Amino acid sequence: MAKVIVTAALTGGGSTPSMSPYLPITPQQLADEAVRAYEAGAAIAHVHVRNSETGQPCSNLEYFREIATKVKSKCNIVICFTTGGTPEMTVAERARVVAELNPELATFNAGSMNFGIFPGAEGINEYKYNWEKPHLLNSENSIFPNTFRTLREFSQMFAQTNTKPELEVYDSGMIHNLAYLVQKGYLKKPLHIQFVLGTMGGLPATVNNLNFLYHSARETLGEFTWSTCAIGRFQFPMCTVAMIMGGNTRVGMEDNLYVSKGVLAKSNAELVEKMVRILREFGNEPACPDEARKILGLKGLDQVNY
Ligand code: KMH
Ligand code: ZN
């Protein structure tokens, strides 16, 4: 039996309120979703924040703090804050949550890329909010910037706060960006990688691509811990493959809004429950938060600033 980490990515920045009435928006909703995901077997909650009135992705530090504090008062799930945000945010805005809240774990996007969320507009006939349509359509002409300088500065900030970077790898070139950061001493081993499959601009979600990324990373970086997430209907197939390969899994409404074909998930916990059922069918068990802390070598909940 292996212990497998299930991360719940609660809301993200690419899903919009018109796509699902169940998408969590306010800090209270996000905190409740994190606790329910924990009860369902998630060891990590990956957190983005949204404007409470409009649901628009934002980088409001007080929302991050409120969620983390509320969650911490109820359970010990690991919180992994986003530093990716959305392409509309500046790098400084994205970095602030780590510098101020000193979390155990946060995302670290391993290179620049196109990040198209505009196909998401195709299925929407009526928008709930005015910001949604331009947010989706403008992504046809925007870049998700993570220059070498940003990577160096983020590495140094993560080291200062002793926050473990969850290294988001969307394509194979990014593995070599990481190798450069390791070689220069900016990133320290052991590394933890999230292979992100199926974004528009990154590698498609196929078994071959996951296998290729994993083996390229092994060749280039040696040993590391890792997890996979995949967009849309590929979420459960790719997480299942990752589990079989010995990796960890990330599910949740950031990447996928449906629990089965045509059926919207009513909560992130539903998606976590499904992943846990799959893990158990293969004789595995979900890691609890403290087991995840051990696997990833996290500093502990007593060392955060929230
Ligand atoms: N939005 C996902 C495709 C981040 O938040 O920094 C990847 C992600 C990155 O979760
Ligand atoms: Zn994210």
Side-chain angles (χ1 to χ4, degrees), residues 5-16 19 23-24 30 33-34 37 42 44-50 57-59 63-64 67 78-98 101 103 105-120 135-136 139 142-146 150-151 154-155 157-158 163-171 174 177-178 192-205 209-210 213 226-235 238-239 242 248-257 268 271:
I5 299 170
V6 180
T7 293
L10 304 176
T11 194
S15 308
T16 74
M19 295 175 184
L23 190 68
L30 284 157
E33 282 284 303
I44 302 175
H46 170 56
V47 175
H48 291 238
V49 288
R50 294 175 181 269
C58 69
S59 55
Y63 285 176
F64 279 119
I67 294 162
V78 175
I79 295 187
C80 172
F81 291 116
T82 182
T83 67
T86 66
E88 290 116 332
M89 295 170 196
T90 65
V91 170
E93 276 171 340
R94 286 165 37 196
R96 229 173 118 214
V97 67
V98 172
L101 301 186
L105 184 67
T107 62
F108 177 113
N109 290 273
S112 301
M113 63 189 290
N114 289 340
F115 206 121
I117 54 171
F118 56 92
H135 173 71
L136 296 170
S139 70
S142 65
I143 284 176
F144 182 31
N146 296 289
T150 298
L151 299 180
F154 270 48
S155 304
M157 174 181 69
F158 275 72
T163 299
K164 179 107 180 183
E166 180 187 278
L167 305 160
E168 313 293 315
V169 167
Y170 303 75
D171 212 333
M174 295 187 188
N177 297 348
L178 297 179
H192 178 57
I193 299 178
Q194 176 89 260
F195 296 117
V196 184
L197 295 166
T199 59
M200 192 167 183
L203 277 179
N209 283 339
L210 178 57
L213 279 180
W226 64 283
S227 173
T228 288
C229 64
I231 305 302
R233 68 194 164 88
F234 297 102
Q235 176 162 92
M238 295 314 297
C239 283
N248 299 288
T249 61
R250 161 173 140 173
V251 296
M253 291 195 209
E254 172 162 351
D255 306 326
N256 163 47
L257 295 163
N268 281 281
L271 299 168

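Atoms within a ligand are numbered from 1 in the order they appear, just like the ligands themselves. We number each residue from 1, following the sequence as shown. Here the structure is a predicted model, which means the values were calculated and not measured.
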Legend entry - N, O or S atom of Glu254 closer to the Zn ion (ligand 2) than 2.8 Å: yes
Tell me the protein heavy atom at minimum distance from [atom], and give that distance in Å.
atom                    : result
atom 7 (C) of ligand 1  : Tyr170 OH, 3.2 Å
atom 10 (O) of ligand 1 : Glu254 OE2, 2.8 Å
atom 4 (C) of ligand 1  : Thr82 OG1, 3.3 Å
atom 6 (O) of ligand 1  : Thr107 OG1, 2.7 Å

Inset, instruction - Return a yes/no value for Thr199: is any of its N or O atoms, backbone included, closer than 3.5 angstrom to an N or O of ligand 1? - result: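 No: no nitrogen or oxygen of Thr199 is under 3.5 Å from one in ligand 1.
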Legend entry - Polar contact flag for His46 and ligand 1 (N/O pairs, less than 3.5 Å): yes
Under 4.0 Å to a heavy atom of [X] - the qualifying atoms of ligand 1, by number:
X      : answer
Phe115 : 3 (C)
Arg250 : 2 (C), 7 (C), 8 (C), 10 (O)
Val196 : 3 (C)
His48  : 5 (O)

Inset, instruction - Identify which one of Asn114, Thr199, Asn109 satisfies the side chain to side chain contact (heavy atoms under 4.5 Å, CB included) criterion when paired with Phe144. - result: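 Answer after filtering Asn114, Thr199, Asn109: Asn109.
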Inset, instruction - Give me the one residue out of Val6, Ile79, Leu105 that meets side chain to side chain contact (heavy atoms under 4.5 Å, CB included) with Ile44. - result: Leu105
Legend entry - Vertex the Zn ion (ligand 2), arms to His48 NE2 and His46 NE2, rounded to 10°: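 Rounded to 10°, it measures 100°.
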Inset, instruction - State whether a side-chain donor-acceptor pair under 3.5 Å links Ser59 with Arg96. - result: no
Legend entry - Any donor-acceptor N or O pair under 3.5 Å, side chains Glu166, Thr107: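 Short answer, no.
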Nearest atoms (heavy-atom pairs only) where [X] meets [Y]:
X      : Y     : value
Leu30  : Leu10 : O-CD1, 3.6 Å
Leu257 : Met19 : CD1-CB, 3.5 Å
Ser15  : Arg50 : O-NH2, 2.7 Å

Inset, instruction - Taking the side chain as every heavy atom from C-beta outward, state whether Thr83 and Phe154 have any atom pair closer than 4.5 Å. - result: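 A side-chain contact under 4.5 Å exists here.
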